[in-house]
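Input: a single structure, listed below in structure tokens.
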Amino acid sequence: MTVLPAHSRKAADMETGFPRFTVHEIARIGNKLGQTSLVDIDRDGRLEYLVGARNGSAWWFKYRDADRWDRHLIGERTSTDVGGTAFDVDGDGWIDHVASGTWYRNSGRPADRGFTRHTNGVPSGHDNVAADIDGNGRLDLVVMSRRLAWYRIPEDPTRNWIETDIGPAVHGGIAPRGVGDIDGDGDLDIVRSNGWYENVDGKGTRWRWHENIPGGRPGGRYPLTTRAWVVDFNGNGHMDIVMTDCDLDSPNGSAYWLENVEGDGSRWVRHDIATGKGDLHSLVVADFDGDGQLEVFSGEGPMGGSGPVHAKRWFIWKCTDERRTRWTEHIILEGPECHEAVAGDLDDDGDIDIIAKPWNGDQHLFLQNRLRDPA
């Protein structure tokens, strides 16, 4: 079942060899939504969708079929702006939910016993990323707030988490996966739109700023705001960066990837994937068509679209050459706002589906990848 009227929907790019997507509604709930994750909340081997409202409630959704989802409350009074991420905070093997200054402990029976709310002393943030910053084998929390900082989780995670300052922040720029080993020295560094912070001692206590990335637009209401994904994009063993410009109020945003030429973050070459786009406030790098190569997904969010009468468009860009410099654009949906999208195999058929929702609104959409359907 598709849920959008035909005039506002492009549910499939009909080019031979590229998958169709059908559009389904998950729910209509919430507003000013972020904190999105796809994780296995109930340990049944399937992914669940998590989402939360700014300073409001958070929920998780259980997939039953494309048009039927069970909704469960995680908790209320999230202490965050947009930022949130789900991971095992307390090491008990169950996925918890973190929303900047609040975290919600999974009871181990999340459908009937739910979650317990705790505070942690972390400021409200636009970006939250879970990563092992100090190399001790446990995940920490990286937060883009008034400053960029990371937080070590103490043995008793109900106590305040331990802050280490990294440096100045921008509105947003480290999510969804802006952490990785940029210089190839075995520890995790952090990308921040137009530069990166080097983890000097590998323990997260000393940071060096390198303002050498040709990313992020300098002007506008929220300058240098991006989405970032650290990945070896061209398969040469060096960690590159895929970025999109977001929080733009005019269609002058771009999607691009930044080639880590020397493998140590000292020199970058920018390769544009698409230009003339709106507020690209989502980013996923994944193999959507099953050919073993990475594609780039993004969709236009609350501050602007590039479609007719500023309609929002959802894109997948597919590379058409070995050097990853030429791209084919597939518009998989047109009309609704796309914000903080996540992707994974929700229906357990072996391909990558997409979930997103608006910022100004409440409609959560499931774009089901039909790659595995019979021709």
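Note that the structure is predicted; figures quoted are calculated from it, not measured.
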Between atom [atom1] of [X] and atom [atom2] of [Y], what is the distance when rounded to the nearest 0.5 Å?
X      : Y      : atom1 : atom2 : answer
Asp134 : Lys203 : CG    : NZ    : 9.5 Å
Asp88  : Arg105 : CG    : CZ    : 9.5 Å
Trp103 : Thr119 : CH2   : OG1   : 10.5 Å
Ile354 : Ser282 : CD1   : OG    : 9.5 Å
Thr36  : Leu50  : OG1   : CG    : 9.0 Å
Leu283 : Cys246 : CG    : SG    : 9.5 Å

Task: Verdict with reasoning, Arg20 to Asp373, per side chain to side chain contact (heavy atoms under 4.5 Å, CB included) - done: CA-CA 9 Å; Arg20 299 182 304 116; Asp373 288 5; 3.7 Å; yes

For [Y], does its backbone N or O pair with a side-chain atom of [X] as donor and acceptor, under 3.5 Å?
X      : Y      : answer
Asp81  : His126 : no
Glu211 : Gly195 : no
Asp321 : Arg326 : yes
Asn199 : Gly204 : yes
Asp245 : Ser254 : yes
Thr244 : Leu280 : yes
Asp165 : Ala149 : no
Arg217 : Asn252 : yes
Asp353 : Asn369 : yes
Glu48  : Trp60  : no

Any side-chain heavy atom of [X] within less than 4.5 Å of one from [Y]?
X      : Y      : value
Thr85  : Leu141 : yes
Ile331 : Glu329 : yes
Leu33  : His339 : no
Arg192 : Trp209 : yes
Phe288 : His330 : no
Arg152 : Asp140 : yes
Arg227 : Ser298 : no
Ile190 : Val129 : no

Can a side-chain donor-acceptor contact be found between [Y] and [X] if the only test is distance below 3.5 angstrom?
X      : Y      : result
Asn128 : Ser100 : yes
Tyr151 : Asn160 : no
Thr226 : Ser193 : yes

TODO: Could you point out which residue of Asp67, Asp347, Asp351 forms a side chain to side chain donor-acceptor pair (under 3.5 Å) with Gln368?
DONE: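 Of all the options given, the one that passes is Asp347.
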
Task: Partner of Asp42 by side chain to side chain donor-acceptor pair (under 3.5 Å), out of His72, Arg109, Lys62 - done: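 For Asp42, the side chain to side chain donor-acceptor pair (under 3.5 Å) check succeeds only for Lys62.
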
Taking everything shown except [X] itself, do over 12 heavy atoms lie less than 6.0 Å from its [atom1]?
X      : atom1 : result
Arg159 : CZ    : no
Arg270 : CZ    : yes
Arg147 : CZ    : yes

Open item on the list: I'd like to know whether Thr102 forms a side chain to side chain donor-acceptor pair (under 3.5 Å) with Arg77, so could you lay out the CA-CA distance, the side-chain angles of the two residues, the decisive distance to 0.1 Å, and finally the verdict.
Closed with: CA-CA 8 Å; Thr102 42; Arg77 295 178 294 128; over 6 Å; no

Does this structure show an ion pair linking [X] with [Y], if we count only N-O contacts that are shorter than 4.0 Å?
X      : Y      : result
Arg64  : Asp70  : yes
Arg313 : Glu300 : no
Arg323 : Glu259 : no

Task: Matching residue for Trp196 among Ile182, Val179, Leu258, Val230 - test: side chain to side chain contact (heavy atoms under 4.5 Å, CB included) - done: Ile182

Within one Ile-Leu-Val-Met-Phe-Trp-Tyr cluster: [X] and [Y], side-chain cutoff 4.5 Å:
X      : Y      : value
Val191 : Leu224 : no
Leu248 : Tyr256 : no
Trp314 : Phe18  : yes

Determine whether the aromatic ring centres of residues [Y] and [X] are separated by less than 6.0 angstrom.
X      : Y      : value
His364 : Phe61  : yes
His281 : His171 : no
Trp69  : Phe366 : yes
Phe315 : Trp317 : yes

TODO: In sequence, state the C-alpha distance, the side-chain angles, and the governing distance for His24 and Thr22, and then conclude on side chain to side chain donor-acceptor pair (under 3.5 Å).
DONE: CA-CA 7 Å; His24 307 261; Thr22 53; 3.1 Å; yes

TODO: Begin from the C-alpha positions of Leu365 and Ile26 and carry the test side chain to side chain contact (heavy atoms under 4.5 Å, CB included) through to its verdict.
DONE: CA-CA 6 Å; Leu365 296 179; Ile26 297 171; over 6 Å; no

Open item on the list: With side chain to side chain contact (heavy atoms under 4.5 Å, CB included) as the criterion, how do Trp327 and His271 come out once you've worked through the C-alpha distance, each side chain's angles and the decisive distance to 0.1 Å?
Closed with: CA-CA 10 Å; Trp327 297 83; His271 304 278; 5.7 Å; no

Open item on the list: Could you go through Ile241 and Trp257, starting from their C-alpha distance and side-chain angles, then the distance that decides it, and tell me whether this counts as side chain to side chain contact (heavy atoms under 4.5 Å, CB included)?
Closed with: CA-CA 6 Å; Ile241 307 165; Trp257 73 279; over 6 Å; no

Task: Arg324 to Phe233, cation-pi by 6.0 Å centre distance and 45° axis angle - done: yes

